[in-house]
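On a predicted model such as this, the values are computed, not experimentally measured, just so you know.
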Amino acid sequence: MSDRSSSLSHSLCSQGPIVNPLEIGGTQRSKTHKQAANWSDEETTALLKFLIRELSKASDGGNFKKTTWTAAASLMST
């Protein structure tokens, strides 16, 4: 280490207490989950066809934007 790095007045390590995130607020989170969706073959096909049509709007990594997912949710809720 150089003289400069050893004379720094702060550390990259946390100086605060160790906190269990489950104990914040005094209660533990319950382990409840939403019920899984059961889609028909027709619903699955409709979603996939929609996403294929929207593929040109996806980013270079193939990720769809939030607006695409919002439109897909709207389509699926009708």
Side-chain angles (χ1 to χ4, degrees):
M1 258 196 223
S2 70
D3 290 333
R4 182 171 183 250
S5 64
S6 63
S7 65
L8 291 176
S9 62
H10 62 277
S11 170
L12 297 177
C13 298
S14 173
Q15 300 297 318
I18 297 173
V19 177
N20 180 346
L22 296 177
E23 294 174 357
I24 294 175
T27 61
Q28 290 187 343
R29 293 183 181 183
S30 64
K31 295 183 179 183
T32 59
H33 300 281
K34 290 184 180 181
Q35 186 175 359
N38 291 315
W39 292 21
S40 68
D41 290 343
E42 292 80 17
E43 291 171 320
T44 303
T45 300
L47 176 62
L48 291 174
K49 284 182 177 181
F50 173 80
L51 293 174
I52 289 168
R53 286 192 309 266
E54 297 291 313
L55 194 55
S56 65
K57 298 178 187 175
S59 66
D60 290 339
N63 295 319
F64 292 106
K65 295 180 181 180
K66 183 178 178 181
T67 55
T68 301
W69 290 114
T70 302
S74 178
L75 171 75
M76 300 308 292
S77 68
T78 57

TODO: Hey, could you give me the CD/CE distance between E43 and M76, rounded to the nearest 0.5 Å?
DONE: 5.0 Å
Task: S74 side-chain N/O to T70 backbone N/O, donor-acceptor pair under 3.5 Å - done: no
Task: Close side-chain approach of L51 to T68, heavy-atom, < 4.5 Å - done: yes
Task: By ring-ring contact (aromatic ring centres under 6.0 Å, His included) - contacts of W69 (at least two apart) - done: F64
TODO: State the CD-OG1 distance between E54 and T67, to the nearest 0.5 angstrom.
DONE: 8.0 Å
- [ ] Determine the minimum heavy-atom distance between L75 and A46, stating which atoms define it.
- [x] CD2-O, 4.2 Å
